[in-house]
Chemist: 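Provided herewith is a single structure, encoded as structure tokens, for subsequent inquiry.
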Amino acid sequence: SDIGSQKERVVTEEEWLQKWEMGNIGFHKEQGHPFLQKYLDVLLNGRSGLRIFFPLCGKAVEMKWLADMGHSVVGVEVSEQAVKEFFSEHNLPYCEEPVPEISGAKMFQSTSGNISLYCCSIYDLSSSIVGKFDGVWDRGALVAVNPCDRQRYASLMISLLEKNSSYLLVTVSYDPNKHKGPPFYVPESEIKSLFG
């Protein structure tokens with residue numbers, strides 16, 4: 001599988017922060033993603049009160065949607081601006097506290113307690129800090145991860161999954177020689193080798 005010129009491409013944390021600061025967030029969807037609605041049954045698998053993880057969550061509106069259904073939502077996002085915008089745009093009161101295990105990290109939690117967003121690098125997280133999850137909604141994370149970090153990302157995600165968890169993944173398909181990404185092109189063969 002030829003991922004063309006993307007293989008060596010690296011987008012820095014600073015570049016992501018700048019996208020948020022400049023409002024260059026075309027990846028953010030004001031409406032919930034239709035695939036999450038379409039495949040919600042696959043994610044939930046008849047279960048209620050799940051712990052659902054949103055990697056590189058931004059200010060995804062689906063977090064509130066799932067929390068309102070009675071699920072516990074945990075997200076991670078490098079941009080504090082994005083996290084604060086999520087709470088303010090949904091008029092959700094929250095508290096903010098440091099994460100002792102991660103230098104400089106903060107955790108923002110809705111006062112209702114069912115939404116916890118970690119502001120730090122995803123690679124600083126581990127199951128000892130955030131626990132394990134029954135479901136993952138990966139709508140813009142794998143395709144945003146630098147190609148050289150995919151294996152590290154997939155290993156982390158697998159380490160955060162409970163035994164009978166569901167992982168919903170959305171990728172984009174296009175000619176990687178015509179677009180430098182992100183979102184990056186992740187061929188299906190690579191998804192299979194990453195996640196089995």
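Fair warning: this is a prediction, and the values are worked out from it, not measured in the lab.
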Chemist: If every non-hydrogen atom of P55 is compared with every non-hydrogen atom of A141, which pair is closest and at what distance?
Modeler: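 Scanning both residues, the minimum pair turns out to be O-CB, 3.6 Å.
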
Chemist: For the pair H33 and W137, name the ring-plane relationship: parallel under 30°, tilted 30 to 60°, perpendicular over 60°.
Modeler: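 Aromatic pair H33/W137 classed perpendicular.
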
Chemist: Is there a donor-acceptor contact under 3.5 Å from the side chain of R47 to the main chain of L43?
Modeler: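 A pair under 3.5 Å: yes.
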
Chemist: Starting from L156, can I reach L161 by hopping between I/L/V/M/F/W/Y residues whose side chains sit under 4.5 Å apart?
Modeler: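 L161 clusters together with L156.
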
Chemist: Hydrophobic clustering (ILVMFWY, side-chain heavy atoms < 4.5 Å, transitive) - are I191 and Y174 grouped together?
Modeler: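 Yes; tracing contacts between hydrophobic side chains, which count when under 4.5 Å, links both residues.
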
Chemist: For the residue pair R139 and F35, would you count it as a cation-pi contact if the rule is NZ or CZ under 6.0 angstrom from the ring centre and within 45 degrees of the ring axis?
Modeler: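 So R139 doesn't make the cation-pi contact.
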
Chemist: List the steps and the verdict of side chain to side chain contact (heavy atoms under 4.5 Å, CB included) for F54 and E77.
Modeler: CA-CA 9 Å; F54 278 67; E77 169 58 49; over 6 Å; no

Chemist: E190 vs S193, test: side chain to side chain donor-acceptor pair (under 3.5 Å). Steps then yes/no.
Modeler: CA-CA 5 Å; E190 188 169 356; S193 72; 5.9 Å; no

Chemist: Quick one: salt bridge (Lys or Arg N to Asp or Glu O under 4.0 Å) pairs with a partner in residues 59-72, sequence neighbours left out?
Modeler: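 Residue pairs passing salt bridge (Lys or Arg N to Asp or Glu O under 4.0 Å), neighbours aside: K59-E85, K59-E89, K64-D68.
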
Chemist: Could you measure the distance from the OG atom of S79 to the CG atom of L117? Nearest 0.5 Å is fine.
Modeler: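 Rounded to the nearest 0.5 Å, the OG-CG separation comes to 11.5 Å.
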
Chemist: Calculate, to the nearest 0.5 Å, the distance between atoms CD1 and OG belonging to I158 and S165 respectively.
Modeler: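 Nearest 0.5 Å value for the CD1-OG distance: 10.0 Å.
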
Chemist: Could you state the interatomic distance from CZ (F195) to CZ (R150), rounded to the nearest 0.5 Å?
Modeler: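 Spacing of CZ (F195) from CZ (R150) equals 10.5 Å.
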
Chemist: Which label fits F133 and F53: parallel for a plane angle under 30°, tilted from 30 to 60°, or perpendicular past 60°?
Modeler: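 Plane angle under 30°, so parallel.
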
Chemist: Same cluster or not: are L50 and V42 linked, directly or through other Ile, Leu, Val, Met, Phe, Trp or Tyr residues, by side-chain heavy atoms under 4.5 angstrom apart?
Modeler: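 Hydrophobic grouping puts L50 with V42.
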
Chemist: Checking side chain to side chain contact (heavy atoms under 4.5 Å, CB included) for the pair V136/M157: CA distance, chi angles, key distance, verdict?
Modeler: CA-CA 9 Å; V136 174; M157 295 308 292; 3.7 Å; yes

Chemist: Are Y94 and Q109 close enough, and set up right, to give a side chain to side chain contact (heavy atoms under 4.5 Å, CB included), and what steps lead you there?
Modeler: CA-CA 5 Å; Y94 65 92; Q109 188 171 54; 6.0 Å; no

Chemist: Ring pair (Phe, Tyr, Trp, His ring centres under 6.0 Å), that's the test. Do W20 and F86 meet it? Break it down for me.
Modeler: CA-CA 12 Å; W20 281 99; F86 169 79; over 10 Å; no

Chemist: Can you tell me which residue among N114, L160, V74, V73 is in a side chain to side chain contact (heavy atoms under 4.5 Å, CB included) with R51?
Modeler: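 Result: among N114, L160, V74, V73, V74 is the only option passing the side chain to side chain contact (heavy atoms under 4.5 Å, CB included) with R51.
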
Chemist: Looking only at heavy atoms, which two atoms of Y123 and R152 are closest? And how far apart?
Modeler: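 Smallest heavy-atom distance, with atoms named: CB-NH2, 3.2 Å.
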
Chemist: Indicate the atoms forming the closest heavy-atom contact of H71 with G49, along with that distance.
Modeler: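 Heavy-atom minimum between the residues: ND1-N, 3.5 Å.
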
Chemist: Please collect all salt bridge (Lys or Arg N to Asp or Glu O under 4.0 Å) contacts where either partner lies in residues 105-122, sequence neighbours excluded, each pair once.
Modeler: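 Every pair satisfying salt bridge (Lys or Arg N to Asp or Glu O under 4.0 Å) with a residue in residues 105-122: E80-K106, E96-K106.
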
Chemist: Does a donor on one side chain sit under 3.5 Å from an acceptor on the other, for D138 and Y153?
Modeler: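 There is such a pair (donor and acceptor under 3.5 Å, judged by atom type) between the side chains of D138 and Y153.
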
Chemist: Begin from the C-alpha positions of C119 and F108 and carry the test side chain to side chain contact (heavy atoms under 4.5 Å, CB included) through to its verdict.
Modeler: CA-CA 8 Å; C119 185; F108 296 79; 3.8 Å; yes

Chemist: Quick one: closest heavy-atom pair of S159 and S127, and the distance?
Modeler: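 Nearest pair, atom of S159 first, then S127: O-CB, 3.9 Å.
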
Chemist: Is the backbone of I115 close enough, under 3.5 Å, to the side chain of S110 for a donor and an acceptor to pair up by distance?
Modeler: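 Yes; at least one donor-acceptor contact below 3.5 Å.
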
Chemist: Could you pull out the closest heavy-atom pair between V10 and C148, with the gap in Å?
Modeler: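 Smallest heavy-atom distance, with atoms named: CG2-SG, 4.2 Å.
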
Chemist: To the nearest 0.5 Å, what is the distance between CG (L66) and CG (L40)?
Modeler: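 Output value for this atom pair is 6.5 Å.
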
Chemist: Transitively linked via ILVMFWY side-chain contacts under 4.5 Å: M63 with L168?
Modeler: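 The answer is yes; both residues are in one hydrophobic cluster.
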
Chemist: Rounded to the nearest 0.5 Å, what separation is found between the SG atom of C120 and the CD atom of E101?
Modeler: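 One finds 10.5 Å between SG of C120 and CD of E101.
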
Chemist: Does anything in residues 19-43 pair up under salt bridge (Lys or Arg N to Asp or Glu O under 4.0 Å), and if so which pairs, sequence neighbours excluded?
Modeler: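 Output for this query is empty, none listed.
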
Chemist: Linking I/L/V/M/F/W/Y whenever any side-chain heavy atoms sit under 4.5 Å apart, do L56 and V99 land together?
Modeler: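 Yes: a chain of side-chain contacts under 4.5 Å links L56 to V99.
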
Chemist: Where the side chain of Y118 meets the backbone of L125, is there a donor-acceptor pair that is under 3.5 Å apart?
Modeler: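 Side chain of Y118 to backbone of L125: no pair is present.
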
Chemist: Any side-chain heavy atom of D149 within less than 4.5 Å of one from I122?
Modeler: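 In short, these two side chains do not touch, never coming nearer than 4.5 Å.
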
Chemist: Rounded to the nearest 0.5 Å, how far apart are CG of L142 and OH of Y167?
Modeler: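 OH of Y167 is found 6.5 Å from CG of L142.
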
Chemist: For a quick test of reading the model, state the closest non-hydrogen atom pair linking V11 to P182 and the distance between them.
Modeler: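 Smallest heavy-atom distance, with atoms named: CG2-CD, 3.7 Å.
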
Chemist: Does a sphere of radius 6.0 Å around CG in N164 hold more than 12 heavy atoms from other residues, nucleotides or ligands, not counting ones at 6.0 Å or beyond?
Modeler: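 Counting neighbours around CG of N164, 12 or fewer heavy atoms of other residues, nucleotides or ligands fall under 6.0 Å, so no.
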
